2 protein chains.
Amino acid sequence: MGLEGLLFPKSVALIGASPKEGKLGNVLFRNMSSFPGRFYPVNPKYREIEGVKCYPNVSALPEVPDMAVVIIPADPALAVVEECGRVGIRNVVVITAGFKEAGPEGAVRERRLVEIARRYGINVLGPNCFGLISTEAGLNATFAVRGALPGNIAFLSQSGAFCTSVLDWAWEEKLGFSHFVSLGNKAVLNEAHFLRPFAEDPDTKVIVAYLEGIADGGAFIRIAREVVKTTPIVVLKAGRTEAGARAVSSHTGTLAGSDAAYEAAFRKCGVIRARNVEELFDYAYALAKQPIPRGRRVGVMTNAGGAGVMASDAVEEHGLELARFDEGTARALGEFLPPAANIYNPVDVLGDARLDRYKKALDLVIDDPNVDMVVALSAPAPLIPFPELARAVSEAMRRSGKPLTVSFMAGDLGEEAEEVLRAAGIPSYFDPSRAVRALSVLHRYAEVKAREWEEPRELSVDRERVRAVLERALAMGKSQLGVEAMEVLSAYGIPVAPWGLARTPDEAAEIAAKLGGPVVLKLVSPDLVHKTEVGGVVLDVPAEAAGERAEAMLVRAAYRFPRARIEGVLVQKQLPPGREVILGSVRDPQFGPLAMVGLGGIFVEVLRDVVFGVAPLSPGEAREMVESIRGYALLRGVRGEPGVRVEAVAEALERVSHLVHDFPEIVELDVNPLLAYPDRVVAVDLRITLSRGER
Amino acid sequence: MGLEGLLFPKSVALIGASPKEGKLGNVLFRNMSSFPGRFYPVNPKYREIEGVKCYPNVSALPEVPDMAVVIIPADPALAVVEECGRVGIRNVVVITAGFKEAGPEGAVRERRLVEIARRYGINVLGPNCFGLISTEAGLNATFAVRGALPGNIAFLSQSGAFCTSVLDWAWEEKLGFSHFVSLGNKAVLNEAHFLRPFAEDPDTKVIVAYLEGIADGGAFIRIAREVVKTTPIVVLKAGRTEAGARAVSSHTGTLAGSDAAYEAAFRKCGVIRARNVEELFDYAYALAKQPIPRGRRVGVMTNAGGAGVMASDAVEEHGLELARFDEGTARALGEFLPPAANIYNPVDVLGDARLDRYKKALDLVIDDPNVDMVVALSAPAPLIPFPELARAVSEAMRRSGKPLTVSFMAGDLGEEAEEVLRAAGIPSYFDPSRAVRALSVLHRYAEVKAREWEEPRELSVDRERVRAVLERALAMGKSQLGVEAMEVLSAYGIPVAPWGLARTPDEAAEIAAKLGGPVVLKLVSPDLVHKTEVGGVVLDVPAEAAGERAEAMLVRAAYRFPRARIEGVLVQKQLPPGREVILGSVRDPQFGPLAMVGLGGIFVEVLRDVVFGVAPLSPGEAREMVESIRGYALLRGVRGEPGVRVEAVAEALERVSHLVHDFPEIVELDVNPLLAYPDRVVAVDLRITLSRGER
């Protein structure tokens with residue numbers, strides 16, 4: 001069901017309205033009474049509040065309002081929400097606390113709330129939230145006295161206190177919002193539900209969220225990918241350092257920090273991540289107000305050398321590029337700038353410049369075809385009043401349609417200059433590097449917008465065979481599948497080293513003869529994990545010696561570990577040395593299975609050089625992940641050594657991602673190593689951890 | 001000569017004082033006339049200016065002033081500075097432009113200025129500078145109308161425009177300075193000259209500098225190391241991305257970015273680097289006002305969950321640690337905080353807390369023996385007025401002597417709260433992560449302060465032998481020494497693979513027999529660089545085959561490269577495989593020779609995993625550099641593989657750093673590889689680039 005009634009209501013009720021000053025019911029009443037639509041206070045104790053007719057209950061209202069706000073205590077709130085449902089109110093904001101956040105009793109209450117919402121199809125925002133503001137609808141349904149200024153930023157917050165902070169601060173900064181939503185406990189509505197309605201709202205230019213978690217990772221990714229095509233999303237995901245409470249039994253598991261899933265998810269759907277509050281709002285403002293650049297090339301305008309140097313440093317630090325001007329630009333600049341001025345980027349018109357010199361140079365720079373955006377800098381210059389400079393840069397921006405940010409390095413630009421910059425939507429900071437950072441987010445979004453979104457392929461795989469292997473293992477009570485589960489990889493089209501499982505020495509000899517050449521023998525036992533250390537792995541065994549060596553291995557194991565279950569010996573064709581790659585997967589509680597790729601051996605153990613992605617991966621995503629490994633050049637080939645078939649590595653990763661996506665009972669997986677050669681890849685060792693049923 | 005007369009003058013002259021409003025000579029006159037000492041305007045055109053007696057020239061002054069400020073045009077300025085010298089003025093600030101920055105003619109003028117300064121022993125500040133301010137002396141010798149507020153920050157800037165920006169902004173922010181110095185062209189006085197006088201000034205608590213280069217790297221490092229023991233130094237070094245114009249002929253050279261020398265130099269002397277203007281002044285303020293913590297453990301106080309989460313993220317991001325409270329603290333907190341409050345770090349006293357609850361918890365937290373510093377957070381809370389909270393945190397800080405920063409997340413704390421925080425010297429930011437970052441610089445300085453400074457050792461080395469090798473090479477006109485220069489390493493106590501240079505096949509056979517075992521043969525020719533590619537390297541040659549193989553090599557080379565000079569064949573003992581390390585050196589124009597260490601092979605080529613240090617290195621510095629390689633664990637041993645003798649690697653690095661320091665004619669050097677074993681290291685290949693004479 002849509003959220004129009006919540007975000008653009010025409011009629012609203014306040015359940016728990018109060019005439020008593022200082023009570024929340026009164027603060028809300030006063031905030032909501034300026035609502036230009038129809039407003040119905042509800043409270044059985046009063047016939048009217050401050051001159052407004054008050055209704056005893058929602059059943060008594062003259063119409064079914066689009067939305068109701070509930071601020072009565074938690075216990076009676078449930079009955080009231082149910083009554084809302086009965087009369088047909090489809091949007092309810094439960095500000096009331098005392099639910100999941102308040103211990104076991106509250107959690108029970110919250111489950112009942114969810115049940116009521118389901119039964120009646122009610123969009124419940126909260127409970128335990130700060131309410132919401134829609135400046136477009138003229139509604140302030142929060143207890144913030146000043147509300148929000150109108151603007152183009154839609155804001156979502158999981159923290160109510162942060163809402164009060166942001167509103168208070170935004171008022172001082174004159175930062176405006178289209179919508180301002182406190183998510184509270186997210187019992188029914190969560191962040192994902194708001195993305196599309198915000199994107200469809202023509203007054204919203206950017207969606208900004210403070211989140212401590214994501215309720216439904218799959219839905220969030222699916223919706224966000226769509227939304228970012230038209231509307232940028234910036235998220236401050238707090239709680240990066242909370243170590244995940246996930247039990248870890250695989251190599252991949254130990255490499256996946258609590259944050260790896262969020263990184264992977266945001267990358268997958270093109271959400272821009274802010275590391276702190278300053279970035280969150282700097283990014284939001286730039287994205288709400290500025291055009292999107294065509295490329296990463298920055299023109300730097302200054303009347304002070306130092307500022308230009310600092311801005312140039314920041315250009316590189318933030319992944320942008322100093323523009324190389326068209327020949328004509330430098331020539332034209334040279335014609336009127338004094339000899340000591342710099343006519344190349346950064347253009348320094350010198351401290352004695354008057355406005356006309358600065359303006360003429362700026363126009364040339366911003367019109368240069370090799371310039372995608374401009375940062376305009378100025379030290380306090382007696383000959384250039386800031387209001388005039390502000391007007392000049394605003395005009396240049398408007399005329400050129402290119403993004404522009406400024407750093408006028410002064411303590412106080414004056415109200416007039418501030419006003420001009422604000423009206424033009426130009427981000428302005430004392431620190432030049434902050435002005436450049438604001439440009440960089442525009443470029444980041446341009447890349448997101450330009451991205452070709454590719455769906456995962458239909459792969460031809462043998463699901464039935466995998467299902468059979470997993471079911472057999474689960475039936476036997478196994479939670480760890482070792483190298484014997486190579487069948488699973490084969491079924492998903494990932495080449496594995498030729499192998500056979502020998503129960504007896506004779507079988508080992510037979511398999512070795514069939515495989516030909518030297519073989520590797522590996523003891524198969526669910527009870528012995530570190531096989532190398534107990535002599536359970538022998539390399540480079542000639543085929544004719546395989547029977548004898550397998551027997552020795554079995555005898556030794558039976559003697560040393562009389563209680564271990566020994567299932568036999570894995571006989572594997574010995575492969576030539578290749579580049580070691582590790583593929584893996586862990587299951588994230590919020591985003592489901594993640595697939596991982598890295599260089600094996602010391603690279604993963606010492607440098608932790610691995611990348612995670614949310615499964616299933618498209619071919620392009622898999623390829624990008626492989627290319628983003630720090631040691632990627634090793635796969636391409638260095639020092640005259642031949643490279644490996646990178647496409648084959650990427651495809652193996654893609655196939656692993658499909659496997660773990662298709663079989664939720666696989667909770668962790670390591671392919672270590674996958675040997676990569678110039679012409680192919682081959683999986684040599686595999687471990688799968690199963691859980692019973694889906695998680 | 002000391003700078004007392006410049007930084008704490010009792011009498012000053014202004015040469016070029018003017019009564020004409022709007023002229024710089026008048027702005028300076030007005031700024032300087034509030035100087036409480038004796039002030040002498042000088043200008044032959046006037047008998048008095050605005051009621052102050054004016055002198056025709058400095059010879060006519062009633063006393064020799066401590067300092068003179070020159071603002072007359074560049075050409076006559078030289079004569080005037082000379083006159084200053086003649087009458088005995090020892091400190092002259094040349095604000096006048098038109099010197100080095102203004103092209104070749106100006107450069108000549110600047111050389112003459114330097115000559116005059118040398119002749120008379122004058123401390124010249126500038127030319128082409130913004131002047132200086134000493135709030136302690138009550139002197140504003142700049143053309144900034146408002147000057148600076150008194151404070152504990154000594155500021156140095158290479159950019160005059162940045163001076164005006166900072167002064168303007170600092171006035172708004174109420175940030176105070178003890179000294180404010182514009183360095184200009186640094187013709188005579190540079191940044192290094194000011195460090196010690198600032199450190200010796202009891203009113204200066206922190207030295208802050210904006211630099212685009214360092215004039216005398218050696219002096220800067222030497223003095224800064226001393227100074228940081230008592231006074232922190234924070235530097236914003238701009239121009240990080242300017243690619244150095246250095247010609248590069250070695251591997252090490254290609255790895256040394258233009259910034260590697262500054263990184264190494266600042267690390268060597270304990271200078272804290274700021275990446276941008278915001279960091280520069282955030283760090284300056286914290287260091288000027290706050291005590292130094294004993295450790296890295298942060299206590300987080302909040303009344304809003306989200307703020308606490310964001311602060312905790314920042315604690316980890318900035319290399320600090322969330323304190324684990326003493327048992328007694330959590331118990332005491334549990335006794336009075338409501339059940340829903342968090343009594344572990346971060347302590348959340350909840351949004352309904354009144355001041356007494358917040359204060360009581362804060363006192364327990366800050367007094368906890370496991371807490372080294374505190375960040376105090378608050379959302380706008382109706383029950384806690386900010387001025388009262390500001391007083392509470394100020395008291396807690398003063399009483400405990402522990403650092404404390406705040407983030408009261410509101411738009412406007414009000415003048416009273418701001419005033420209380422300012423008076424207590426408490427950094428206060430909207431963004432919690434910025435408040436934590438301010439704490440982190442205090443910890444960084446605590447580490448600098450605690451560092452044991454160790455001088456380079458006296459090593460027993462054979463300088464004469466190296467000198468002989470280098471002189472011979474230079475006499476022969478060689479600028480590249482290849483593997484034949486292994487003698488140089490031997491002389492500096494770095495083990496090299498046993499070797500001999502054979503001019504004939506017979507000699508090769510002889511040397512191989514003497515070395516025993518398999519040998520490596522390498523063609524020696526100054527004209528063939530990539531020897532492997534032209535078949536000039538043969539591995540694993542049995543001793544008895546050495547003569548024959550050497551002959552084949554010489555014949556083939558003579559045939560294929562008839563014009564190349566062939567000096568013979570290097571016969572080297574073939575070594576067992578070991579861990580490949582690369583040692584190297586490049587010469588930086590500002591800091592002299594840098595020494596480099598990294599893991600060889602793919603690590604250096606793909607991952608560029610190397611570290612630079614300024615030579616000569618102390619044993620501890622060399623050890624720290626080796627330990628800071630990303631792949632250091634490989635040297636220590638991983639996956640059951642034995643490690644190598646890290647001490648031997650560090651010592652080889654130390655010895656290389658002495659070598660390049662002792663012989664300035666070595667401009668670049670690569671030891672690649674140095675093979676490292678569990679018990680020793682051996683250099684296998686070496687390349688040295690020489691320049692004639694010192695650079």
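Each chain gets a letter, A, B and so on, in the order the sequences are listed, and its residues count up from 1. It should be emphasised that the depicted structure is a prediction, and the values quoted were computed from it without experimental measurement.
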Is the closest side-chain heavy-atom distance between Val277(B) and Tyr429(A) below 4.5 Å?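 Not in contact.
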Is it the backbone or the side chain of [X] that comes under 4.5 Å from a heavy atom of chain A, or both, or neither?
X: Tyr210(B); value: side chain
X: Thr164(B); value: both
X: Leu236(B); value: side chain

What's the spacing between [X] [atom1] and [Y] [atom2] if we round to 0.5 Å?
X: Met409(A); Y: Ser159(B); atom1: CE; atom2: OG; value: 8.0 Å
X: Met310(B); Y: Glu212(A); atom1: CE; atom2: CD; value: 7.5 Å
X: Asp168(B); Y: Phe408(A); atom1: CG; atom2: CZ; value: 13.5 Å
X: Leu634(B); Y: Leu607(A); atom1: CG; atom2: CG; value: 6.5 Å

If we define contacts as heavy-atom pairs under 4.5 Å, which of Gly160(A), Ala161(A), Ser165(A) has the most with chain B?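 Most heavy-atom pairs within the cutoff with chain B belong to Ser165(A).
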Apply side chain to side chain contact (heavy atoms under 4.5 Å, CB included) to Ala311(A) and list each qualifying residue two or more places apart in sequence or on a separate chain.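 With neighbours one apart ignored, the set is Val300(A), Val375(A), Leu377(A), Pro432(A), Val436(A).
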Test side chain to side chain contact (heavy atoms under 4.5 Å, CB included) applied to Glu278(A) - qualifying residues, sequence neighbours left out: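 With neighbours one apart ignored, the set is Asn276(A), Asp282(A), Arg434(A), Arg437(A), Glu278(B), Asp431(B), Arg434(B).
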State yes or no: are the ring centers of Phe281(B) and Phe430(A) separated by less than 6.0 Å?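 Not close enough - the centres of the two rings lie 6.0 Å or further apart.
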Pairs of heavy atoms under 4.5 Å with chain A: top-ranked of Ala304(B), Gly306(B), Pro380(B), Ala381(B):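 Of the options given, most contacts go to Pro380(B).
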For atom CZ of Arg273(B), decide whether the heavy atoms of other residues, nucleotides or ligands shown that lie under 6.0 angstrom number more than 12.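 Yes, CZ of Arg273(B) has more than 12 neighbouring heavy atoms, counting only those of other groups under 6.0 Å.
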Kindly check if the number of other-residue, nucleotide or ligand heavy atoms within 6.0 Å of CD (Glu105(A)) is above 12?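 Atom CD in Glu105(A) is not crowded, with 12 or fewer foreign heavy atoms closer than 6.0 Å.
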Does any N or O in the side chain of Asp313(A) come within less than 3.5 Å of the main-chain N or O of Gly239(B), such that one atom is a donor and the other an acceptor?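 Side chain of Asp313(A) to backbone of Gly239(B), a donor-acceptor pair under 3.5 Å: yes, one is there.
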Is chain B contacted by the side chain of Ala410(A), its backbone, both, or neither, given a heavy-atom distance below 4.5 Å?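 Both parts, heavy atoms under 4.5 Å.
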